[in-house]
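To start, the structure under review is shown below, and the notes come after it.
Just so we're on the same page: letters track the sequence lines, and every chain starts at 1. A quick note: this is a predicted structure, and the numbers were derived from the prediction, not measured.
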There are 2 protein chains.
Amino acid sequence: MATTGTRGNTRELVLDAALASFGTAGYDGTSLDDLAAGLGIRKQTILYHFVSKRRLLDSVVDRCAGELVTALERVLVESRTGGGTDWERVEAMVREVFRLALDQPVLLGLLREVSRPNSPGAVRVRIHLEPLMARARRWMEDEMAAGRMRRTDAQLLLLSAYSTVVGVATEIEVLRAAGVGPTLRPVVQRRGELLRFLRRSLDPAASL
Amino acid sequence: MATTGTRGNTRELVLDAALASFGTAGYDGTSLDDLAAGLGIRKQTILYHFVSKRRLLDSVVDRCAGELVTALERVLVESRTGGGTDWERVEAMVREVFRLALDQPVLLGLLREVSRPNSPGAVRVRIHLEPLMARARRWMEDEMAAGRMRRTDAQLLLLSAYSTVVGVATEIEVLRAAGVGPTLRPVVQRRGELLRFLRRSLDPAASL
DNA sequence: AGGGTTTTCTACCAGATGGTCAGGGTCCCT
DNA sequence: AGGGACCCTGACCATCTGGTAGAAAACCCT
């Protein structure tokens, strides 16, 4: 027992380090040896827990997606019991996503890495996001049919929102790289634009 | 002479292929062997022309930055002889950048790869962009002093515009990965937002 | 035709990478 | 005490990586 008493949570520690490394150095730029060295363990330990590098990435994605889903679920329940309008519910979800991204900046790195075409993690992300998207689409279409929401192409709208979030993630990282500290302004601005766009598209009570 | 008569332009062919590969697979994800195989040549031929992988990336960045500078220079000259207002000149530049990005989507991939924190190409990009930025900043500050432009933090404004462009690049790539074809709408929308933002910040004749 | 330059190739290398295998330590349960 | 499950590790491996050395073409000029 050279290591400190981290007996039970090696898995989590590896996941944390992997998230950071995948997010900053990229998947190809991450070596299991380096990752292990940074944790004071041997590469074989990582492989014991995660079988292969690829599946380590999958596990990282899984955990992050899980957090996202949990957070969204929570917001959804809250806003439902709160009894807001459709539009208020959408707004709460968007705000939650941005809050999550700002609270855990490492997520932005992973999202960026993983949303690259040809990324090995892209498929895994899709697996998690697709049911979310499908569910949102069905809900929106129902609301539209009931006249509580303005009619648009739900699929395209969701995709547009998603790509906006990814774009914002990249933006924040670029600004950080340029030395601009935790300036909230650009993020808030983008969020405002996204919300305005969604409101225009969805809220039947919105002007214009 | 197993190869076709491409005698003189191997360099350019390699640069093209490298641009595509760096943009899609990333720097680490690109192997010189694969790159060469795709061109029907041997890896050593690439190294003969570019000395090292790192300097190949530099050369790719150099060429792209060169194209950008040339294009901007041209727009600048045109709009100067055309005798437009400051604001019209800014708008023309922004439109040119977006046009370039849409004409050559591969550039987006490279920009995305290279504007990642810790990217080996980041420094090279900075080398090319810094004089451009400095020049724009000086110009803007002069115009502000002369009262032809609304007063703001020029540096921050430029950085914000730059990060927006990078963000848009990412957005487009994400949409493409999601199977959304050459839908122009999101791009045009973002461009509109950027232009509106710049106009609000710069144009003394702008309302609000 | 022939010498010199430019371009491309074959052969090879040291290091790193992801991954396998078998063993050893620690804990818990009976 | 002892057997098994869990966790970790050292030794090892095949493969791929960017990069070097030197020879063989291909080209160019006279």
When you look at Glu171(B) and Arg191(B), which way does the salt bridge (Lys or Arg N to Asp or Glu O under 4.0 Å) test go after all the steps?
CA-CA 12 Å; Glu171(B) 245 180 279; Arg191(B) 190 184 62 189; over 6 Å; no

OP1 or OP2 of [N] versus the side-chain N and O atoms of [X]: is any pair under 4.0 Å?
X: Thr45(B); N: dC9(C); result: yes
X: Tyr48(B); N: dT8(C); result: no
X: Thr10(B); N: dT7(C); result: no
X: His49(A); N: dC6(D); result: no

query: What pairs meet the salt bridge (charged side-chain N to carboxylate O under 4.0 Å, His left out) rule with one or both residues in residues 40-53 of chain A, with sequence neighbours excluded?
result: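 Applying salt bridge (charged side-chain N to carboxylate O under 4.0 Å, His left out) to every pair that reaches into residues 40-53 of chain A, excluding sequence neighbours, yields Asp33(A)-Lys43(A).
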
Sequence neighbours left out, cut at 3.5 Å: what donor-acceptor pairs do the side chains of residues 95-106 of chain A make with other protein atoms?
residue: Arg95(A); atom: NE; partner: Glu91(A); partner atom: OE2; Å: 3.3
residue: Arg95(A); atom: NH2; partner: Glu91(A); partner atom: OE2; Å: 2.9
residue: Glu96(A); atom: OE1; partner: Arg99(A); partner atom: NE; Å: 3.3
residue: Glu96(A); atom: OE2; partner: Arg74(A); partner atom: NH2; Å: 3.4
residue: Glu96(A); atom: OE2; partner: Arg99(A); partner atom: NH2; Å: 3.0
residue: Arg99(A); atom: NH1; partner: Asp103(A); partner atom: OD2; Å: 2.7

Which whole-number value in Å describes the distance from [X] [atom1] to [N] [atom2]?
X: Glu12(B); N: dT7(C); atom1: CD; atom2: P; value: 13 Å
X: Leu39(A); N: dC7(D); atom1: CG; atom2: P; value: 16 Å
X: Asn9(B); N: dT8(C); atom1: CG; atom2: C1'; value: 14 Å
X: Phe22(A); N: dG18(C); atom1: CZ; atom2: C1'; value: 12 Å
X: Arg11(A); N: dC7(D); atom1: CZ; atom2: C1'; value: 13 Å
X: Ile41(B); N: dA25(D); atom1: CD1; atom2: P; value: 19 Å

- Task: Not counting sequence neighbours, list each pair that qualifies as a ring pair (Phe, Tyr, Trp, His ring centres under 6.0 Å) and has a residue in residues 10-43 of chain B.
- Result: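 Only Phe22(B)-Tyr27(B) qualify under ring pair (Phe, Tyr, Trp, His ring centres under 6.0 Å).
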
Quick note, ring pair (Phe, Tyr, Trp, His ring centres under 6.0 Å) partners involving residues 32-75 of chain B, not counting sequence neighbours, are none

Backbone N/O of Pro120(B) and side chain of Arg54(B): donor-acceptor pair under 3.5 Å:
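Here the side-chain-to-backbone pair exists.
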
Please list every donor-acceptor pair under 3.5 Å in which a side-chain atom of residues 152-162 of chain A meets a protein atom from a residue at least two apart or in another chain.
residue: Asp153(A); atom: OD1; partner: Gln155(A); partner atom: N; Å: 3.1
residue: Asp153(A); atom: OD1; partner: Leu156(A); partner atom: N; Å: 3.2
residue: Gln155(A); atom: OE1; partner: Arg137(A); partner atom: NH1; Å: 3.4

Residues which pass salt bridge (Lys or Arg N to Asp or Glu O under 4.0 Å) with [X], listed by chain and number, not counting sequence neighbours:
X: Asp34(A); answer: none
X: Glu67(A); answer: none
X: Arg126(A); answer: none
X: Asp28(B); answer: none

Using the 3.5 Å cut-off, write out each protein N or O paired with an N or O of nucleotides 10-14 of chain D and the distance between them.
residue: dA11(D); atom: N6; partner: Gln44(A); partner atom: NE2; Å: 2.7

Margin query: Does anything in residues 51-60 of chain B come within less than 4.0 Å of DNA chain D? Heavy atoms only, and list the residues if so.
Written below: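 Per residue number, the list reads Ser52(B), Lys53(B).
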
Of the residues in residues 23-38 of chain B, which ones touch DNA chain D at a heavy-atom distance under 4.0 Å?
->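 Hits under 4.0 Å, by residue number: Thr30(B), Ser31(B), Leu32(B), Asp33(B).
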
